[in-house]
K.L.:
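Just dropping this structure here.
Quick caveat: nothing in here was measured; it's all calculated off a predicted structure.
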Amino acid sequence: APPHRADPPAAGGDILICTHGRRDACCGRQGTALVMEVATDPQLAAAGYRVSRTSHTGGHRFAPTAVLLPEGTMWAFLDADLTSRIVLRQGPIDAVLDHYRGSTGIGSPALQAVERAAFAEVGWDWLGWRRHGEQLEDGRVRVVGEAPDGARWAWAAEVGERARPVPVCGEPIEAAVKQQREPIVVS
């Protein structure tokens, strides 16, 4: 198993919060409120993070959403406290995994599912690793991560799907009437 360390993130970065109100009222309302809260967080400012409004990161049903740079990760259902913990890489990974939407550079939904499993195993340091995904000939997918010390680890898996409710802005998940297929690691 890869090492479990809790190195602090590299100094500085960007927090891009979706505030695209013309596309989705939740992003416009909740995203804008989140920008106002996060922009005044002294811990994030001291760590060198800039907060910006952006539009259409996709997944408006997960509002409020954000993209963190330079690591290129996407997050959902954020509030100011959760955003701070994610950016500063504080607390247990299990507490944030349900909010993790994936990495912008990994690829297909199947690869994203395996990448999330690798993140769960490695911990916060995963966000500082070089990583890529590839489709294998047997229908499985593989995500390869390279730690800053040069150590390489690979996760290969078969990925299936499950139906998940699609949340509606401002309503409890139990009220969802639509469903979508979501990839899950099955082996």
K.L.:
Tell me which pairs pass ring-ring contact (aromatic ring centres under 6.0 Å, His included) where either residue lies in residues 168-187, with sequence neighbours left out.
P.N.:
none
K.L.:
Give the minimum heavy-atom separation between Glu134 and Leu111, together with the two atoms involved.
P.N.:
N-CD2, 3.5 Å
K.L.:
Strictly by salt bridge (Lys or Arg N to Asp or Glu O under 4.0 Å), give each pair with a member in residues 155-170 just once, sequence neighbours left out.
P.N.:
Glu161-Arg181, Arg162-Glu182, Arg164-Glu182
K.L.:
Taking the side chain as every heavy atom from C-beta outward, state whether Leu69 and Tyr49 have any pair of such atoms under 4.5 Å apart.
P.N.:
no
K.L.:
Considering all heavy atoms of both residues, which atom of Arg101 and which atom of Ala76 are nearest to each other, and what is their separation?
P.N.:
CD-CB, 3.5 Å
K.L.:
Which distance, rounded to the nearest 0.5 Å, do you find between the OG of Ser55 and the CG of Leu16?
P.N.:
10.5 Å
K.L.:
Can you name the residues that form a side-chain hydrogen bond (donor to acceptor under 3.5 Å, both in side chains) with Gln135, not counting sequence neighbours?
P.N.:
none
K.L.:
Going by the rule side-chain contact (heavy atoms from CB on, under 4.5 Å), which residues pair with Ala39 if we only count those two or more places apart in sequence or in a different chain?
P.N.:
Val51
K.L.:
Measure the CD1-OG distance between Ile15 and Ser52 for me, rounded to the nearest 0.5 Å.
P.N.:
9.0 Å
K.L.:
How would you list all residue pairs meeting salt bridge (Lys or Arg N to Asp or Glu O under 4.0 Å) that involve residues 67-78, not counting sequence neighbours?
P.N.:
Glu71-Arg89
K.L.:
Decide yes or no on side-chain hydrogen bond (donor to acceptor under 3.5 Å, both in side chains) for Glu121 and Trp153, but give the supporting numbers first.
P.N.:
CA-CA 11 Å; Glu121 186 175 333; Trp153 297 86; over 6 Å; no
K.L.:
Hey, quick one: are Trp126 and Val144 part of the same hydrophobic cluster, counting side-chain heavy atoms closer than 4.5 Å, chains of contacts allowed?
P.N.:
no
K.L.:
In plain terms, say whether Asp79 and Arg85 are close enough for a salt bridge, that is, a side-chain N and a carboxylate O under 4.0 Å apart.
P.N.:
no
K.L.:
If you define the side chain from C-beta out and look only at heavy atoms, does anything of Val38 sit under 4.5 Å from Leu44?
P.N.:
yes
K.L.:
Grab the two heavy atoms, one from Ala157 and one from Arg140, that are nearest each other, plus how far apart they are.
P.N.:
O-CB, 3.2 Å
K.L.:
Within the structure provided, determine whether Val141 and Leu136 are in side-chain contact (heavy-atom separation under 4.5 Å).
P.N.:
no
K.L.:
Taking ILVMFWY side chains as joined if any heavy atoms are under 4.5 angstrom apart, and letting links pass through other members, which residues group with Ile184?
P.N.:
Val186
K.L.:
Strictly by ring-ring contact (aromatic ring centres under 6.0 Å, His included), give each pair with a member in residues 157-187 just once, sequence neighbours left out.
P.N.:
none
K.L.:
If you compare all heavy atoms of Pro148 against all heavy atoms of Gly128, which two are closest, and at what distance to 0.1 Å?
P.N.:
CG-O, 4.1 Å
K.L.:
Under the rule for side-chain contact (heavy atoms from CB on, under 4.5 Å), what residues qualify as partners of Ala176, not counting sequence neighbours?
P.N.:
Pro165
K.L.:
Would you name the heavy atoms of Arg116 and Asp98 that are closest together and state the gap between them?
P.N.:
NH2-OD1, 3.5 Å
K.L.:
What residue pairs, at least two apart or across chains, pass ring-ring contact (aromatic ring centres under 6.0 Å, His included) with a residue in residues 89-110?
P.N.:
Trp75-Tyr100, Tyr100-Phe119
K.L.:
Which atom pair, heavy atoms only, marks the closest approach of Trp129 to Gly145?
P.N.:
CE3-C, 3.6 Å
K.L.:
For residues Thr65 and Ile17, determine if any side-chain heavy atom of one lies less than 4.5 Å from a side-chain heavy atom of the other.
P.N.:
no
K.L.:
Sort and list the pairs that fulfil salt bridge (Lys or Arg N to Asp or Glu O under 4.0 Å) and have at least one residue in residues 35-49, not counting sequence neighbours.
P.N.:
none
K.L.:
Rounded to the nearest 0.5 Å, what separation is found between the OG atom of Ser103 and the CE atom of Met74?
P.N.:
9.5 Å
K.L.:
What pairs of residues pass the ring-ring contact (aromatic ring centres under 6.0 Å, His included) test when at least one of them lies in residues 164-187, not counting sequence neighbours?
P.N.:
none
K.L.:
If the threshold is 4.0 Å, N to carboxylate O, is there a salt bridge linking Glu115 and Arg131?
P.N.:
yes
K.L.:
Thr32: what forms a side-chain contact (heavy atoms from CB on, under 4.5 Å) with it, not counting sequence neighbours?
P.N.:
Thr19, Met36, Arg53
